[in-house]
Amino acid sequence: MENVILSYIPKINLDDTYQQEDQIARRIKESLSTVMAKFGYSIDINEARREKVATEARAEANKITLVCQAEAEAEAKALAGQGVARERKANGLRDSVLNFEGGVQGVDPHEVMALLMMTQYFDALRDIGAQCH
């Protein structure tokens, strides 16, 4: 086995060594089968078992890829939804300011915005105070 490995591996680079694992195993099997046949022994390498393990590894890699893609799509949809919600909130605020102006004579948009900002400020203080207790 050692002679087969030492004669084959120096001819290929390290990355190819892992990719050509099956070819290396076949060469070892052929060499050992020839030698052991002289003594009446038969060597059997379970290629089906290795293929099963490789298939499972490929399936797991595909699963990980699909899960990552699904997570990325879900995050993108969530962010898009947040953007739509912010846009609707801004449009609702604009409509509220326009309705307030129309309902109360002599009020300009700056005064309405100042009133809204003060209301949000007091709401924030109330929420902060509730968390401290």
Side-chain angles (χ1 to χ4, degrees):
M1 280 186 4
E2 188 174 314
N3 289 339
V4 172
I5 292 171
L6 290 176
S7 68
Y8 186 70
I9 296 220
K11 297 175 187 174
I12 54 178
N13 65 34
L14 182 61
D15 292 334
D16 290 339
T17 303
Y18 292 110
Q19 292 175 352
Q20 297 182 17
E21 183 178 328
D22 290 336
Q23 289 178 342
I24 296 169
R26 273 193 289 274
R27 287 182 182 223
I28 292 172
K29 179 187 175 204
E30 290 169 4
S31 176
L32 285 177
S33 294
T34 304
V35 173
M36 298 302 284
K38 295 176 187 175
F39 299 103
Y41 291 102
S42 172
I43 296 178
D44 183 22
I45 295 179
N46 192 348
E47 193 168 324
R49 180 183 53 82
R50 285 197 321 268
E51 183 57 34
K52 178 185 174 194
V53 171
T55 301
E56 289 173 352
R58 284 190 296 272
E60 185 65 26
N62 288 338
K63 176 184 168 186
I64 290 169
T65 300
L66 291 174
V67 167
C68 288
Q69 287 174 345
E71 288 174 350
E73 288 175 14
E75 187 173 341
K77 287 178 182 177
L79 291 174
Q82 290 175 1
V84 169
R86 286 186 187 130
E87 182 181 344
R88 288 180 181 160
K89 186 175 180 181
N91 289 341
L93 180 61
R94 183 191 69 221
D95 292 343
S96 295
V97 170
L98 292 174
N99 288 338
F100 193 85
E101 278 184 282
V104 179
Q105 298 298 326
V107 177
D108 71 32
H110 296 312
E111 291 173 341
V112 174
M113 287 303 295
L115 176 63
L116 288 172
M117 292 298 291
M118 286 302 295
T119 303
Q120 288 181 347
Y121 175 75
F122 288 125
D123 288 344
L125 286 177
R126 182 192 64 226
D127 292 342
I128 292 169
Q131 290 178 359
C132 292
H133 287 81

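In this chain, residues are counted from 1 in sequence order.
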CZ on Arg26 to CD on Gln20, rounded to 0.5 Å:
10.0 Å
A quick test of your reading: do over 12 heavy atoms of other residues, nucleotides or ligands sit less than 6.0 Å from CD of Glu2?
no
Arg126 and Asp123: CA distance, side-chain angles, deciding distance, side-chain contact (heavy atoms from CB on, under 4.5 Å) verdict
CA-CA 5 Å; Arg126 182 192 64 226; Asp123 288 344; 3.2 Å; yes
Quick one: do Lys63 and Glu56 make a salt bridge, cutoff under 4.0 Å?
no
Tightest non-hydrogen contact, residues Ser7 and Lys11, listed as O-CE, 3.1 Å
If you look at every heavy atom in Asp16 and Asn13, which pair is closest and at what distance?
N-OD1, 2.8 Å
Can you tell me if Ser31 uses its side chain to pair, donor with acceptor, with the backbone of Arg27 under 3.5 Å?
no
Answer yes if Leu6 and Ile24 sit in the same cluster of Ile, Leu, Val, Met, Phe, Trp and Tyr residues linked by side chain heavy atoms under 4.5 Å apart, and no otherwise.
no
Test side-chain contact (heavy atoms from CB on, under 4.5 Å), reference Leu32, set Ile28, Val35, Thr34, output is Ile28
